[in-house]
Amino acid sequence: MANPMARSFLQAVASEEVASPLRVVQMEGLTVLKIIKHCKEFSPSLVTGQLLGLDVGSVLEVTNCFPFPIREEDEEIEADGANYQLEMMRCLREVNVDNNTVGWYQSTLLGSFQTAELIETFMNYQENIRRCVCIIYDPSKSNQGVLALKALKLSDSFMELYRSNNFTGEKLREKKLAWVDIFEEIPIKVSNSALISAFMTELEPESPVSQCDYDRLNLSTAPYMERNLEFLIECMEDLLSEQNKFQYYYRNLSRQQAQQQAWLQKRRQENVARKAAGEEPLPEEDPSNPIFKPIPEPSRLDSYLITNQVANYCNQINGVAGQSFSRLYLMKALHDN
Amino acid sequence: MASSSTVLQFHPSATIVSARVQPVVLFNICDSYVRRPDQAERVIGTLLGSVSPDGTLDIRNSYVVPHNESADQVALDIDYHHNMFSSHQKVNPKEVIVGWFSTGFGVSGGSALIHEFYSREVQNPVHLTVDTGFRNGEASIKAYVSVSLSLGDKQLAAQFQEIPLDLRMIEAERVGFDLLKTTNVDKLPNDLEGMESSMERLYALIDDVYKYVDGVVEGRITPDNNIGRFIADTLASMPRISPAAFDKLFNDKIQDNLALVYLSSLIRTQLSIAEKLNTAAQIL
């Protein structure tokens, strides 16, 4: 009697293990505003904060958040920061705020967030909480009437590779992991409580034009484009130096292989001579010889990340240029009238 | 003679003449009201912000403080209040305590006690009330400062005096009300969709102006000089450029943009080719 029960319980536990993939991040309007406030107040310096919420099936609800103080490279202050975090969580729990950590948010400059640090932080979070997400907000874009809010997570296959810390070309090819597969963007939903919705409707009469519209129709995009291009050029240079590294590695590798071949041939000839003289042949391998020492392959992670950045800048430039086209044609139409 | 007589007088403490509330504060208050403990009727908490030299108070942040309220006494968790304040100070030292908020309509009996406590924390605290019950059928949000009534040196009572409150939501405008007004938004608008809706609105506005002008010309609508002046001003704000110069400007801009698009597409193509080559090149 107990046996099938136990089994079914075990089964239940086992089926629990298979978590449905994260599909949507649902943010409260409060969280959106808090993040914007924090990021904007400190812009252009970059800030981070913690996200609190609930994990409900394939939806991750982000119901609250709190900012971190600006980090300093001091150990004492670092400990202080951890205290701050615990204190804040405790305080928020007392007033019935969800106190599960579900990830963190950070501000970014022109979308230059794809860094090794982000991946490291993500892995740290991932170790403690199964499902975590990173929300990126770009204050510089809000001047164009765009709400640049993004929810990101690392793809599972990438995390696996990162754990084994093995970014050789062979492994990447095996996993079929391309640079686009590092980050996964998750669609964001925004929800508000009925109370807030009522307040907002009451307080804010429907106006035909908002600040947003002015920002969007602003013709001047040159400064934004210029900075984007600057960043893009920097990234291209980085990418070039990464590629040089690889070329250097391959050159060395082929030189080593040629040396190995030459050594082997010599050894074989020697062995033939020894056999003719009736002596024992020498082994065809010599681990002590420096030319058999394998050359470490440089990690491809950096070049992947840089590629991601470059692609990001390209997308931004394309997007802004596209908007700028429509604005220009709009202006032409207005002018002709 | 005059010095020995006691005078009944108000001490207006009004260095603060008006207040501005950021939407995030309102959101936080609503959220904490929704999350209040079972038996609690209202939530109260601390307001953070700054006072500008001209007496305008900018309320920028807030947090809830747990409290217990019975018939004639109020117990505020002061430790909690201090902990939270020092935490907030670490993030943004510029935001200081400026007052307190409470949900509910208007000022209630216990408010004077809490106000007294906050008066010890900061001079002239502001009391913000948010009517989450919509008792008048409308969202009433009010701000008060206290004026103390004294007889000589003796404090007799405190009077709450309402101050004007500015609820313009500049921050929220940037985010878009569509996002904050409805209870559920499935998808954030991306760049081009936002652009499209903006253009549609612009188009509708121009259409309205056309209709109005036509109506006036045909005599259907009584002309309003103010509107006429607005329209004239708007038209005049368009710079006069000769068609040739405009064409040149326009084409230059278009070409700049095209060059950028070309460049970025080229790089993207390059990246995908490089990736294919790199993975192929490793099979040596």
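A note on names: the letters A, B, ... follow the listed sequences, proteins ahead of strands, and every chain is numbered from 1.
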Portion of [X] that has a non-hydrogen atom of chain B nearer than 4.5 angstrom:
X: Glu28(A); answer: side chain
X: Met331(A); answer: both
X: Tyr313(A); answer: neither
X: Asn64(A); answer: side chain
X: Leu92(A); answer: both
X: Leu328(A); answer: both
X: Asp98(A); answer: both
X: Arg90(A); answer: side chain
X: Glu41(A); answer: side chain
X: Leu229(A); answer: side chain

- Query: Is it true that atom CG of Asn68(B) has more than 12 heavy atoms of other residues, nucleotides or ligands lying nearer than 6.0 Å?
  - Reply: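 No, CG of Asn68(B) has 12 or fewer neighbouring heavy atoms, counting only those of other groups under 6.0 Å.
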- Task: Verify the neighbour count for atom CD of Glu185(A): are there more than 12 heavy atoms of other residues, nucleotides or ligands below 6.0 Å?
- Result: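 Yes - once you tally the heavy atoms of other residues, nucleotides and ligands closer than 6.0 Å, there are more than 12.
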- Lys37(A) bridged to Glu95(B) by N-O distance under 4.0 Å: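 Here Lys37(A) pairs with Glu95(B) in a salt bridge, since their nearest N and O are under 4.0 Å apart.
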Contact winner vs chain A - [options], heavy-atom pairs under 4.5 Å:
options: Leu258(B), Val64(B), Val130(B), Val43(B); answer: Leu258(B)
options: Leu263(B), Asp31(B), Val91(B); answer: Val91(B)
options: Asp256(B), Val65(B), Asn61(B); answer: Asn61(B)

- Task: Select one option (side chain, backbone, both, neither) describing which atoms of Asp79(B) are under 4.5 Å from chain A's heavy atoms.
- Result: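 It is neither, since no heavy atom gets under 4.5 Å.
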- Please look at Ser32(B) and chain A and tell me whether the side chain, the backbone, both or neither of the residue comes under 4.5 angstrom of a heavy atom of that chain.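 Contact with chain A: none, neither part.
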- Please step through side-chain contact (heavy atoms from CB on, under 4.5 Å) for the pair Met225(A) and Asn257(B), ending with a clear verdict. CA-CA 10 Å; Met225(A) 284 296 214; Asn257(B) 272 320; 4.0 Å; yes
- Task: Measure the spacing between CG of Asn92(B) and CZ of Phe42(A) and express it to the nearest 0.5 Å.
- Result: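 Rounded to the nearest 0.5 Å, the CG-CZ separation comes out at 4.0 Å.
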- Determine, step by step, whether Leu202(B) and Leu330(A) satisfy the side-chain contact (heavy atoms from CB on, under 4.5 Å) criterion, reporting the C-alpha distance in whole Å, the side-chain angles of both residues, the deciding distance to 0.1 Å, and the verdict. CA-CA 10 Å; Leu202(B) 181 67; Leu330(A) 181 76; 3.7 Å; yes
- Task: Evaluate the side-chain contact (heavy atoms from CB on, under 4.5 Å) criterion for residues Tyr63(B) and Val95(A): first the C-alpha distance (whole Å), next the side-chain angles of each, then the deciding distance (0.1 Å), finally the verdict.
- Result: CA-CA 10 Å; Tyr63(B) 58 89; Val95(A) 291; over 6 Å; no
- Message: For Phe250(B), does the six-membered ring have the charged nitrogen or CZ of Lys332(A) within the cation-pi criterion, i.e. under 6.0 angstrom from the centroid and within 45° of the normal?
- Response: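 Verdict for Phe250(B): a cation-pi partner in Lys332(A).
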- Pick from Asn228(A), Val47(A), Asn315(A) with the largest number of heavy-atom pairs that fall under 4.5 Å of chain B: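 Of Asn228(A), Val47(A), Asn315(A), Asn315(A) has the most heavy-atom pairs under 4.5 Å with chain B.
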